[in-house]
Every structure is written in C-alpha cells, then in structure tokens.
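See below for the structure under consideration.
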4 protein chains.
Amino acid sequence: MASVNKVILIGNLGKDPEVRHLEGGVAVARFPLATSETFKDKTGQRQEKTEWHNIVLWRGLAEVAEKYLRKGQSVFVEGKIRTNQYQDKEGVQRYSTEIVADNMTMLGGRGEGGSSEGGTNYQGGNTAAAAGSFGGGSTAAAGVAQNDEPDDLPF
Amino acid sequence: MASVNKVILIGNLGKDPEVRHLEGGVAVARFPLATSETFKDKTGQRQEKTEWHNIVLWRGLAEVAEKYLRKGQSVFVEGKIRTNQYQDKEGVQRYSTEIVADNMTMLGGRGEGGSSEGGTNYQGGNTAAAAGSFGGGSTAAAGVAQNDEPDDLPF
Amino acid sequence: MASVNKVILIGNLGKDPEVRHLEGGVAVARFPLATSETFKDKTGQRQEKTEWHNIVLWRGLAEVAEKYLRKGQSVFVEGKIRTNQYQDKEGVQRYSTEIVADNMTMLGGRGEGGSSEGGTNYQGGNTAAAAGSFGGGSTAAAGVAQNDEPDDLPF
Amino acid sequence: MASVNKVILIGNLGKDPEVRHLEGGVAVARFPLATSETFKDKTGQRQEKTEWHNIVLWRGLAEVAEKYLRKGQSVFVEGKIRTNQYQDKEGVQRYSTEIVADNMTMLGGRGEGGSSEGGTNYQGGNTAAAAGSFGGGSTAAAGVAQNDEPDDLPF
DNA sequence: TTTT
DNA sequence: TTTT
C-alpha cells in the first residue's frame, strides 16, 4: 500500500541504555536520545530547543547498545516511528511514541568511558544465521537481518 | 551539536486536512497519515499493522494541503519529529508527538474528488519573498524557504 | 568509521527493467529512474530538470522488479550510492555511478499494463530462509534480509 | 510529478574543501567524502569497501566549508544526486555524478586543526535576507533558504 | 529514457 | 481515521 515510515536521527544519549533480556535470549535496549536545533526568536536572541526521542533496539542492536553506548555519546539512528496505545489508570486512551531502530552507528563524542573515536555501524542481530542462509558469495551486509521485534512479545 | 531529526513518510490521509488561519495570515494544516506494514505472525498468517502519524504543515504547505489534499490520498512527507508536553486535567505530564513537515509531495491515489494523477512537490511558504531576496540567477528551489513554524505562536 | 550512505528516490522508470539470472539463481535487475524538479529561471520561466539514476536490484527485489515494474511506473527506492571504476578502451579511468536498492515500493502511476493502483513494499530476497533462521516469534519484517549483492559476482 | 531525490551521507573528507568565489560573490566548495562499509568475504575475512562521493556546496554552506571543514573531519551531508554530462576529448558522452548538499552538520572527528568537538548544523546561504522576508515571528530555521545553485552559472 |  |  505504498507505505514508508522512516526516521533518521543524530543525537546524544540522555542516559545509559536500559537493557532487558527476555525469555528466549532476546535483548531489548532503550534510551532517550536528544536532538536539538537553534533558532532566533522574535527579539533576535539565539534559542535552543531540544527534542527527546525514545529509542528502542532489539536483539543484536540491543546487545551492541548494552556493550558500547553510554550517556552523552553521539549516535546515528535509523528506524521507524511506532506509537503504542495504552489506557491510563483512569481508563483514558494514551499514546506513547518511540523510535524502533533498525540501524545504528556510533559517532563518538563525549560519552563516559567509551572509546569514542570514530564510529561503527551496526545492523540487527542474527547475522550469522541469516548470512548462512544465503549460501556462498554473500556479503555480511547482504546477510544482515533487520532488527524488528516480534509483535507478540510481552514488552 | 551534531543534531539531525528527520522523518520520511509515505502514507494515506485518514481525514481531510483541518486548516486554521492564524492572525497575520499564517495557515496551519493538520491531518492524520497512515503508514502500514505487513508481516507474518507465528502461525504464518499475514498480518497488517497500521501506524498513525499526526502531520502538521505551516504557511505555504498548509495552503497547498487545504487546496489539494483529501482523505485517502497518498502523500510523501518529509519533516521532523516534535513532541509537545502538556498537563492533563489531573496535572499529569503528557506528551503528544507530531511530524512537522517541511516538504510534501502528492502521490495521487484514491482521494475523493482530487485530480490525483501524478504528484507535485511543495516546499514551504513565502516563496516569492524569499526568492525575491536572492536577486537574479537563483532557482526557485534555491529561493524556497523552509516551512518551520514560529516557536511562539499559540498553537 | 561512522559511515552512512543512503539514498531515497521517488521517480519513474525510463524503461522496463533488464533482468539477468546469474549462475546460482541470483537475479539482478537494472533500470533507469527519472526524478525531476521544476524551477524558475532568470526570466521567470518555469523550467524542468530531469535527473536519471541507474537503479540496481538484487535477488528478491530483482524478481519483484521483473514481475511487476514497467516503464513509466512510479516507485520509491531506498538504497546506497555505488560508483564503479573501469578503464575505457584508451585506458583512461572512468566512473559509473549507480544506486543499489535495498528497499522498493511501487507507487502506481501510468506504467504499461501494470495493475498500478496503490503500491506494495518489498525488501530483499531470501525471506523464507532468513526468517526461518529466526525461530518462532519473528515478524516477516524482522526476518527479511537486506538485498546487497555479493561482492565477488561477475557483474 | 511525484519526485524525490534525496541523499544522506555521513563520512570523512578526503581533502580540504576547494572553494571558488564566482562573480557576484557566490561561493562554491567541493570536496571528496568517503563512506565505508565492512563485510565478510567468502572466506570469512573482514573486508572494507570505501565509496567516494563528490560533494558540492553553494553560497553559505560553501563559506562554512571553507572556514571550518578540513581533511579527515566527519560530516553529515544531506542533498541530492546530480549527474553532469560532458564530452571527453574523443567526443564521447561522459557522466560525472556529484552530491549537491543543502544541509551539512559537522560531526567532529580527527580533522587537522579543527575544533572538532561536537558539531553544528548549517543550512544554505542568504539566511539574513530570507529570514528578513518573513517579518516577525519566524524562527531562524523557518527563514533559512535552501542552498541550491543557480542553474545558469558557469560551473 | 519517465512523468506532469 | 487511510490504503491494499
């Protein structure tokens, strides 16, 4: 149905990633990511506005996040927008929007304790299995699976 | 601060745009946009999941939306994520996420009453004024202003 | 090394795809894709400039292209830029740039003989194998492999 | 005509920018940008493949490049693909592809002599004029013009 | 060589 | 609330 839902962010982690390991060994990582823009207000004053994004990573990307990403670091994130519905305690329908990442590149920056020089690109988990399914001649990139989560996990 | 906040969507309008004309002649349009993806669930059944995005357009783009966009039509939207904070009546902090578009292209589709064949690209308002400020030799594209809203409008 | 190489195109096929089936059953499809922009020249005349992109698709995407894409149709293509080097007959180093697609969505339009209403998103081949490698609980999207080509194929 | 031509790159400058100042004060900057990806070849060896992109910036972006960008630095570049035709000395039609940037963000990294911490986003020239054309209430972002070049400049 |  |  001619659908595209794509997000590209470069920003800084507001906190260390929180990682959960689900039954079956699936990892999920979450962290807030800040993007900011500057603009001049009516009076010509330079202002800054920060946007916070809830980033979610699954499987291999979550494990990379757990190992390497720290508060303050700069990352490139590619993914899609997902809005979850839930009911608050008054029974009112609420919405919570997050970015489900399927690609992530560390850009270095001033994270605490990170190696931080340069960056490395990561794409979803199950690389070996998926690559193996390609037979000979496939690149790792060709074999890399996307990092979407199962739809029926209790998360 | 090395920030990028970019969204690219192709989807269908869930409703006709709602357009407001603010004091000063600034137009703001809003509509819900559906993107959907299909996947196979555990049992191998094909499933569809629809994501709804709140699109906001300002100025020239809002006027284009008012004139040409209708429920059901397919559009390409480029913009940024913005999450607004507000307090609900219980005083709890709530968040509402929208996509502020700075580029929009109609892709045709089955909107009601639209011309709908092909599509046209639109970028932000104030084209004439901005282009005029370039003097000779500039392309229209060069002169097209972005479509961000003022930060201090009561919207 | 903090690298991103991403291209997003919406345009029309200049020709039907040319498809080759390599030994091993790997399919490769190629077609030219036109994007165009309009601008006003110095004299205020509306002008159009068309850009032609050489699109390359591998495996599953190539097969989809072979079956469904036709000259004139509108498609969304996501991929990366690749510039190939070769020597012309005088021994001069030449360059040829193409877009290696890893995601493609048909947008309908006036292709010859196509169904053309709406569009469908496709992502790379080997879906079944890759999905199978995920075990239960994975979505099709999660299991979809990327569509990069092997680096050592004679193409 | 439903056209989109968008490129997003993060890479490192292969050389310092070369800047020309045209008659009329318009600046043009060019530099090669490297993106690289790693993959495993048939034998399981990790390989790296580097792609070189010819980046072109106009006006304000060119001036920023001249002042701040140096060989080795990491930048985010957003723009469009443009392929220029020319005839070589044998009269054969040749093609040269470049990326015309309309948005650029420095990401720091190991440039020679740059300040390099963090990054700053820049968008096209003529900011003051374009912003001025908006009257009160407009953000700087709203007033920033795109950075496309005139189509009739001798470049 | 496409499309409007 | 869209679309296939």
Checklist entry - Where do B/E78 and D/K6 land on the side-chain contact (heavy atoms from CB on, under 4.5 Å) test, with the steps shown first? => result CA-CA 11 Å; B/E78 188 180 332; D/K6 180 159 287 288; 2.8 Å; yes

Item to check | Side chains of B/Y86 and B/S96 in contact at under 4.5 Å (non-hydrogen atoms) | outcome: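 B/Y86 reaches B/S96 side chain to side chain.
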
Whole-Å distance separating the [atom1] atom of [X] from the [atom2] atom of [N]:
X: C/N54; N: E/dT1; atom1: CG; atom2: C1'; answer: 11 Å
X: B/F39; N: F/dT4; atom1: CZ; atom2: C1'; answer: 15 Å
X: B/M106; N: F/dT3; atom1: CE; atom2: P; answer: 15 Å
X: B/E37; N: F/dT2; atom1: CD; atom2: P; answer: 19 Å
X: C/F31; N: E/dT2; atom1: CZ; atom2: C1'; answer: 11 Å
X: B/L107; N: F/dT3; atom1: CG; atom2: P; answer: 15 Å
X: B/R46; N: F/dT3; atom1: CZ; atom2: P; answer: 20 Å
X: B/K49; N: F/dT3; atom1: NZ; atom2: P; answer: 19 Å

Checklist entry - Quick one: stems for DNA chain E, with Watson-Crick or G-U pairs under 3.5 Å, at least three in a row? => result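 In DNA chain E, stems of three or more pairs: none.
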
Checklist entry - Should we count CD of B/E18 as having more than 12 external heavy atoms under 6.0 Å? => result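 Atom CD in B/E18 is not crowded, with 12 or fewer foreign heavy atoms closer than 6.0 Å.
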
Item to check | Nucleotide of F/dT2, E/dT2, E/dT3 approaching C/A34 most closely (side-chain heavy atoms) | outcome: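 Of all the options, the side chain of C/A34 is nearest to E/dT2.
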
Item to check | Minimum-distance nucleotide (side-chain atoms of B/E48 versus F/dT1, F/dT2, E/dT2) | outcome: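 When the side chain of B/E48 is considered, F/dT2 is the closest of F/dT1, F/dT2, E/dT2.
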
Next on the checklist: Using 0.5 Å steps for rounding, measure from the OG1 atom of B/T38 to the CD atom of B/Q45.
Outcome noted: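 If we round to the nearest 0.5 Å, B/T38:OG1 and B/Q45:CD are 13.5 Å apart.
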
Next on the checklist: Is the base of F/dT1 stacked against the aromatic ring of B/W52, taking ring centres under 5.5 Å apart and planes under 30° as the test?
Outcome noted: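 One would call B/W52 stacked on the F/dT1 base.
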
Below 4.0 angstrom, N of the basic side chain to O of the carboxylate: do [X] and [Y] qualify?
X: C/D16; Y: C/K71; answer: no
X: C/E51; Y: D/K80; answer: no
X: A/D88; Y: B/R94; answer: yes

Checklist entry - Which part of the nucleic acid does B/T50 contact within heavy-atom distance under 4.0 Å: base, sugar-phosphate only, or nothing? => result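 Base, at least one base heavy atom under 4.0 Å.
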
